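Reviewing the structure listed below.
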Amino acid sequence: MLGLLRASLTPYRGSIALVCVLQLLQTLAALYLPTLNARIIDEGVVTGDTALITRVGLLMLGVSAVQVIASVIAVYFGARVAMSLGRDLRERLFSRVLQFSAQEMSSFGAPSLITRSTNDVQQVQMFVFMALTAIIMAPIMLVGGVFMAVRQDAGLSLLLVAVVPVLGGTMALVAARMVPYFRSMQKRIDTVNGILREQLTGIRVVRAFVKEVDEALRFGAANGDLRDVAVKVGRVLALAMPLVMLIVNIASVGVIWFGGRRVDAGLAEIGSVVAFLSYLMFILFAVMIATMMFMFAPRAAVSSERIGDVLESEPTLRPPADPQKPDHVRGLVEMENVCFHYPGAEKNVLHEISVTVRPGTTTAIIGSTGSGKTTLINLVPRLFDVTSGSIRIDGVDVRDLDPTVLATVIGLVPQKPYLFSGTVASNLRYGRADATDDELWDALRVAQAANFVRSMDGGLEAAVAQGGTNVSGGQRQRLAIARALVRQPAVYLFDDSFSALDYATDAALRAALFPRTREASVLVVAQRVSTIRGADEILVLEHGRLVGRGTHAELLAENETYQEIVASQLTAEEASRKGDTA
């Protein structure tokens with residue numbers, strides 16, 4: 001935690017120094033007030049000197065004003081530093097997560113990353129705020145209080161030797177008890193977030209299978225686990241406060257008892273005893289604040305550790321040391337002996353795949369579920385890196401291309417199209433920010449989406465919900481295709497992007513796509529044979545191996561795996577029919 005705070009708070013050293021000065025000023029002012037009060041009692045009230053009471057009273061008002069002003073300004077700047085720290089940590093976390101590959105995303109999990117970016121940052125932010133407004137004050141008040149108490153009555157100060165260690169030890173035991181609870185609480189918040197996010201995302205499936213009760217029970221169990229830990233924390237805190245007050249009150253009784261006897265013996269004055277009692281409260285308050293921070297510190301330490309895990313996690317897909325930035329990219333894609341296995345897996349999911357996709361041609365990939373189609377296509381934009389072999393674009397390995405160049409030359413339509421909250425136009429301009437409205441409409445026309453966008457309230461400015469939940473699955477796919485067309489890339493990657501379309505829309509879309517992609521390299525993953533019959537080359541994958549390649553007619557005549565796929569989808573008459581261009 002200290003390393004994270006040291007690095008994150010460096011830009012705010014000036015504000016922190018100002019807070020320290022102000023906290024010193026307001027603490028010294030607070031410590032001076034009991035001495036003035038003792039003077040009023042001993043020199044004013046006892047002797048009846050009203051003039052002295054007035055003078056010292058006005059001085060007390062002035063000191064109180066200084067204390068209040070310094071305290072308000074210190075809290076203001078302390079809050080600004082804490083809030084700025086929270087903003088910076090969230091920004092750093094977000095920037096780091098954007099660099100993550102699918103491997104890191106699956107390792108941490110979306111619910112945990114959300115918790116780390118919100119709840120964990122909030123815990124660290126609160127700790128810093130409390131540190132700047134309370135912890136800085138505690139040692140000053142403790143040292144100053146002891147000094148002033150001894151100055152008032154050295155004899156009574158022996159009570160401090162007994163009371164302070166007891167109070168500090170009690171609070172330390174409470175803090176030690178809280179550490180495992182806080183660690184468990186953060187993990188259970190992750191679980192609650194994960195279940196809630198899963199249920200909201202899959203609400204249609206839950207309702208379709210009438211699983212509302214089961215999901216409510218599952219969420220209730222996770223929520224109950226979190227509640228149980230929170231209750232344990234609450235019980236410890238509930239026990240801590242009475243213990244603290246018991247110690248404080250016993251100490252107060254001790255001061256009054258022994259102080260009264262010293263006044264009666266003529267060894268002390270009433271004002272000094274009252275002032276000593278105030279200083280004792282300051283000392284105990286400082287000890288209580290310092291030890292209570294041990295309750296905030298464990299949870300902040302756990303949160304800092306979780307934040308640090310993300311910030312210190314190096315992305316597996318590292319940018320090249322000497323990135324290549326070609327002026328022009330034609331889009332020639334070459335895969336040579338490509339092998340790949342997921343981290344931690346014992347076996348490859350792709351085995352020595354060698355393919356060349358030339359500009360102006362369409363290469364399709366088909367195979368059974370789990371054959372590695374999506375994995376292969378995800379290697380081209382470096383969502384993963386090959387385990388062995390290479391993938392080159394225009395002769396340059398994708399691992400050596402500048403990431404910005406690689407992203408610019410590739411138009412990816414993923415298997416699960418995702419739309420962001422905003423408008424139709426803002427989603428399409430993810431493809432190219434400077435695209436004009438005419439270019440957006442042209443892309444929508446090609447993607448067979450222009451008609452339904454025109455029917456939406458606002459057209460291009462029609463609202464799109466997060467994830468595109470206010471449009472159908474087929475409409476989402478067509479908008480995702482239009483987004484890729486807006487980019488006008490050199491390489492198109494369609495990952496089963498036509499599965500949600502009916503056959504007529506599928507055929508019309510592919511016919512409209514051909515003129516737009518004529519100069520580009522097109523790589524298509526498909527489940528339906530009708531989608532890829534017109535491809536220049538079809539690759540047949542089975543268990544991650546290339547078991548066939550050729551045109552539709554060639555494979556239909558010679559490849560048994562392809563014949564089985566065709567037979568499962570088409571009649572013999574349909575299979576022999578020439579397909580339109582993919």
Side-chain angles (χ1 to χ4, degrees), residues 17-79 132-161 163-164 167 245 248-290:
L18 177 61
V19 170
C20 292
V21 172
L22 291 170
Q23 290 286 21
L24 174 63
L25 181 62
Q26 73 103 359
T27 304
L28 292 178
L31 290 170
Y32 188 39
L33 289 174
T35 297
L36 294 177
N37 188 44
R39 187 180 174 192
I40 287 178
I41 295 173
D42 293 335
E43 299 179 19
V45 175
V46 173
T47 61
D49 189 347
T50 57
L52 184 141
I53 294 174
T54 303
R55 289 198 310 272
V56 177
L58 291 174
L59 179 58
M60 289 183 70
L61 287 175
V63 172
S64 298
V66 171
Q67 179 190 4
V68 170
I69 293 172
S71 178
V72 169
I73 298 175
V75 169
Y76 173 78
F77 280 98
L132 293 176
T133 56
I135 289 183
I136 292 177
M137 177 180 62
I140 303 172
M141 184 172 288
L142 178 62
V143 174
V146 170
F147 175 79
M148 296 298 287
V150 173
R151 185 168 174 266
Q152 287 293 330
D153 194 321
L156 280 177
S157 300
L158 293 175
L159 284 171
L160 300 177
V161 178
V163 175
V164 171
L167 181 59
M245 294 309 300
V248 169
N249 289 331
I250 290 175
S252 300
V253 170
V255 169
I256 295 172
W257 173 265
F258 291 107
R261 292 175 67 88
R262 289 178 64 80
V263 170
D264 186 53
L267 299 175
E269 297 180 350
I270 296 176
S272 296
V273 174
V274 172
F276 186 91
L277 183 61
S278 298
Y279 287 127
L280 177 65
M281 293 299 103
F282 282 145
I283 294 168
L284 296 181
F285 180 67
V287 173
M288 187 169 62
I289 289 176

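Source: prediction; values computed, not measured.
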Distance-minimising heavy-atom pair for [X] and [Y]:
{"X": "Ala70", "Y": "Leu25", "value": "CB-CD2, 4.2 Å"}
{"X": "Leu52", "Y": "Ile40", "value": "CD2-CA, 4.5 Å"}
{"X": "Leu59", "Y": "Leu36", "value": "CD2-CD2, 3.7 Å"}
{"X": "Met148", "Y": "Leu31", "value": "CE-O, 4.1 Å"}
{"X": "Ala275", "Y": "Pro34", "value": "CB-O, 3.6 Å"}

Hey, could you give me the [atom1]/[atom2] distance between [X] and [Y], rounded to the nearest 0.5 Å?
{"X": "Leu22", "Y": "Ile69", "atom1": "CG", "atom2": "CD1", "value": "11.0 Å"}
{"X": "Ser278", "Y": "Met281", "atom1": "OG", "atom2": "CE", "value": "8.5 Å"}
{"X": "Leu24", "Y": "Cys20", "atom1": "CG", "atom2": "SG", "value": "9.0 Å"}
{"X": "Ile41", "Y": "Asn37", "atom1": "CD1", "atom2": "CG", "value": "4.5 Å"}

Item to check | Side-chain touch Gln23/Thr133, heavy atoms, less than 4.5 angstrom | outcome: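 Gln23 vs Thr133: side chains touch.
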Next on the checklist: Just so I know, are the side chains of Phe282 and Leu33 near enough to count as touching, which here means a heavy-atom distance under 4.5 Å?
Outcome noted: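 Answer no - side chains too far apart.
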